[in-house]
Structure formats: C-alpha cells, structure tokens
Amino acid sequence: MLTKDTGGPAMIPYCIVGGTRGTGMQIARQLVERGAPVRCIARDPVKARNLLPAGVDIRQGDVTDPASLRRAEFGECRAIFFAVDFTGGFGGRGFFKPARQIRTVTYEGLVNTVEAAREAAFTGRFMLLSGMGSELPSCTGRLLNAIKGNLQRNQRDRDAYLRNSGLDWSIGRGAVLTNGPGGQADIRITPPVHRLSMLCRVARPDFARALIVAADAPVASRKVFDVFNEPGIPPTDEALTAQLKHAGSGTPKYGC
Ligand SMILES: NC(=O)c1ccc[n+]([C@@H]2O[C@H](COP(=O)([O-])OP(=O)(O)OC[C@H]3O[C@@H](n4cnc5c(N)ncnc54)[C@H](OP(=O)(O)O)[C@@H]3O)[C@@H](O)[C@H]2O)c1
C-alpha cells in the first residue's frame, strides 16, 4: 500500500459504518495498521474517538437518519463497509427486541446507506457484512429468527437491495462470529453454500481481514462468499485472494 505522502489511491479513505464495536472496529484497526486512511461513521463521535486509533476521520451519522449520512461524503471513499447491527436488547445484540425496531436499523439502515452512497456518486465497492446461509433452512437460523427479529429475512432483503443497486458490491457472509483473537487458524472463503450452524464459527478479526482483502480484489466484485475458520495456519492475503476467485455460487450443504 502507498504511503500517505505519495498522494493518489493511498489518500482515498476506506469508510466504515458501524466501526465502534465488533467486526467493524476490527476492520478500522486493521486498516490503520496497514497504513490506510480510514473514515468511520458513528452515532456517538466522542465514544468513537475513545475506541478508534488516532487519525481515523470520525463523522457523526446514524443509518436511521438519511440526512446525517450526507456528512459521510461517501463519494470521496474507495470502499464502504456496512458493519451495522442492532445495539440493545439482551446481551446488547438485539435479542428479544421488537422485529420492527431491528429491521429499521439492519434493513432500512442499509437502504439509507446505499441511497446516500448513490446520491454522493460513490464509485468504489460497497462491502456488506452478512450472515451465512440466510436462504437455507437451519436450526440455528430458526432460533435466531425467533429471538432476533427475523434475522435471515432482513439479511436476504438487504443482500437483494444491494445487488440491485447499480453499485459495485461484495457480500461476505460470516459464520457465527466470536470474539476470539484472530490469526490463530485458517480462514476459509468459499461459495455461499453453507447453512448457518453453531458449529461453524469465525473470529471477528479474521472475518474483518477477509473483508479487507475482498474490498480491493477485482475478483471479489459482485460476489457473495462464506467466511469461516478451520484448524490450520492463518493464510496470507494472496491465499485469501486466490480463494475469492472461486467464490460465487455452489450447491448448499450443512455446516462447515
Ligand atoms: N453476530 C454474528 O454472529 C454474525 C454472524 C454473521 C454476520 N454478522 C453480521 O456482521 C456484521 C457485524 O456484526 P458484529 O456482531 O461484529 O457487530 P456489532 O458488534 O453488533 O456492532 C454493530 C455496530 O453497528 C453500530 N450501529 C448500531 N445502530 C446503528 C445506527 N443506527 N447507525 C449507525 N451505526 C449503528 C454500532 O454502533 P453503536 O456503538 O453506536 O451502538 C456498532 O458499531 C453485522 O452486519 C451482522 O449482521 C453477524
């Protein structure tokens, strides 16, 4: 990656919506470690300032408030990572909150962000963080649909909205996310063929890494792919890019 002093692509920021927690915060931190300029859209900029590395350009924005997203100036960005999930409810992750409230943030928030990007003449890649197997029946999916406001319907609807938006996009479908340290196992990127299963997991830092590589990989344009950990050695960025070449479509199967 070019240094900040050279001008050109290195000066064009990556933008993260939902970077104050979880995978979005991992994306922000890893991009800064790679020397990339980062812009973060956060509901509470003071909180974001305390959580994110120095140098991150923090703009106030709430995905349920379309006017606030104009401050993001998405047109200046090389990629947008939509890492938003509902905050609140049991465990802080939306469990047992009304389905209507969850959809306002996770689906309508995506719609508002895509429309803000289009309005700003954004020409980079829109990276959507989604969940594995959203159109495939599974016990884990049924459980989460029941306690998290029809989670998989929201995921399917926002995937479809982005795919039809006219923007360049990639959709990374994580397995069940964990707060493990990352860098401890292999990262598998495959076609989107897996059902959601508690047995199939990915550490948030590893999910973040796969998405960062995909944001700049021409082969990941307009592709949907599954991401999960398997026992093994952490792959290089080149190995992740090679896996993205084969992501696209495939036959559904159970688990990892
Ligand atoms: N959890 C899983 O097992 C799983 C599995 C596969 C895929 N995914 C997907 O992966 C993504 C990341 O999940 P995660 O669990 O790592 O994220 P997370 O920890 O739940 O973080 C969610 C982020 O969204 C932000 N946010 C919430 N409401 C917002 C709003 N109205 N406007 C702007 N930002 C808002 C939060 O900011 P505040 O600090 O302001 O609340 C926070 O930064 C999600 O899209 C999720 O659907 C999750």
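Just so you know, ligand 1 is whichever comes first in the structure, and atom 1 is the first atom listed for that ligand. Owing to the predicted nature of the structure, the values given are computational and were not obtained by experimental measurement.
Summary of contacts: the protein heavy atom closest to atom 25 (C) of ligand 1 is G18 CA, 3.9 Å. Looking from atom 30 (C) of ligand 1 to the surrounding protein, the closest heavy atom is R43 CD, 3.4 Å. Given atom 20 (O) of ligand 1, the protein heavy atom at minimum distance is R21 NH2, 2.6 Å. Nearest protein neighbour of atom 1 (N) of ligand 1, counting heavy atoms only, is R204 NH2, 3.7 Å. Ranking protein heavy atoms by distance to atom 34 (N) of ligand 1, first place goes to V84 CG2, 3.9 Å. Closest to atom 32 (N) of ligand 1, if we only count protein heavy atoms, is V63 N, 3.0 Å. Among protein heavy atoms, the minimum distance from atom 9 (C) of ligand 1 is reached at L129 O, 4.0 Å. Nearest non-hydrogen protein atom to atom 22 (C) of ligand 1 is D85 N, 3.4 Å.
Among G172, G92, A83, the residue whose heavy atom lies nearest to atom 23 (C) of ligand 1 is A83. Nearest residue to atom 43 (O) of ligand 1 from L144, T20, L69 is T20 (criterion: closest heavy atom). Ranked by closest heavy atom to atom 36 (C) of ligand 1, the top entry among V176, T87, V227 is T87. If you check each of L177, V202, T64 against atom 4 (C) of ligand 1, the one with the closest non-hydrogen atom is L177.
Salt bridge status for R156 with E135: absent, with no side-chain N to carboxylate O gap under 4.0 Å. Between D216 and R34 no salt bridge is recorded (no basic side-chain N to carboxylate O distance below 4.0 Å). Looking at R173 and D159, a side-chain N of the basic residue comes within less than 4.0 Å of a carboxylate O on the acidic one, giving a salt bridge.
Considering only residues two or more places apart in sequence or on other chains, A185 meets the side-chain contact (heavy atoms from CB on, under 4.5 Å) condition with N229. Applying the side-chain contact (heavy atoms from CB on, under 4.5 Å) criterion to R39, with sequence neighbours excluded, gives P13, C15, I41, D57, R59, E73, E76, C77.
Listed by atom number, the atoms of ligand 1 under 4.0 Å from G22 heavy atoms are 16 (O), 19 (O). Residue V105 approaches ligand 1 through these ligand atoms, each under 4.0 Å from one of its heavy atoms: 28 (N). Close contacts of ligand 1 with D62, meaning ligand atoms under 4.0 Å from a residue heavy atom, involve 30 (C), 31 (N), 32 (N). Shown in contact with G174 at under 4.0 Å from a heavy atom are these atoms of ligand 1, numbered in order with element: 6 (C).
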Q) Hey, mind stepping through L129 and L211 against side chain to side chain contact (heavy atoms under 4.5 Å, CB included) and telling me if it holds? A) CA-CA 8 Å; L129 281 64; L211 291 155; 3.5 Å; yes
Q.
R209 vs Q30, test: side chain to side chain contact (heavy atoms under 4.5 Å, CB included). Steps then yes/no.
A. CA-CA 8 Å; R209 201 173 143 225; Q30 290 183 30; 3.5 Å; yes
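Here R158 has side-chain heavy atoms under 4.0 Å from ligand 1, and that is the only part of it that gets that close. Counting heavy atoms closer than 4.0 Å to ligand 1, residue A42 contributes nothing at all.
For P234 against Q184, the heavy-atom pair with the smallest separation is CG-N, 4.2 Å. Scanning all heavy atoms of the two residues, the minimum distance from A242 to H246 falls at O-CD2, 3.4 Å. The two residues V224 and R163 have their closest heavy-atom pair at CG2-NH1, 3.3 Å. Closest non-hydrogen pair, M132 versus A175, comes out as CE-CB, 3.8 Å. In plain terms, the two heavy atoms of R78 and I12 that are nearest each other are CD-O, 3.2 Å.
Considering backbone and side-chain N/O of F207, none are found under 3.5 Å from N/O of ligand 1. Residue Q155 has no N or O atom closer than 3.5 Å to an N or O atom of ligand 1.
Not a single heavy atom of K148 lies less than 4.0 angstrom from ligand 1. Under a 4.0 Å heavy-atom criterion, G109 is not in contact with ligand 1. Residue K47 places a heavy atom under 4.0 Å from ligand 1. For the pair G24 and ligand 1, no heavy-atom separation below 4.0 Å is found. Note on ligand 1: D44 sits outside its first shell, no heavy atom being nearer than 4.0 Å. The closest approach between A175 and ligand 1 falls below 4.0 Å for a heavy atom of the residue.
Between the T104 side chain and the R100 main chain, a donor and an acceptor come within less than 3.5 Å of each other.
Considering Q155, Q152, R142 in turn, Q152 is the only one that fulfils the side chain to side chain contact (heavy atoms under 4.5 Å, CB included) rule with L196.
In this structure, R204 is not positioned above the aromatic face of F207 in the sense of NZ or CZ being under 6.0 Å from the six-membered ring centre and within 45° of the axis.
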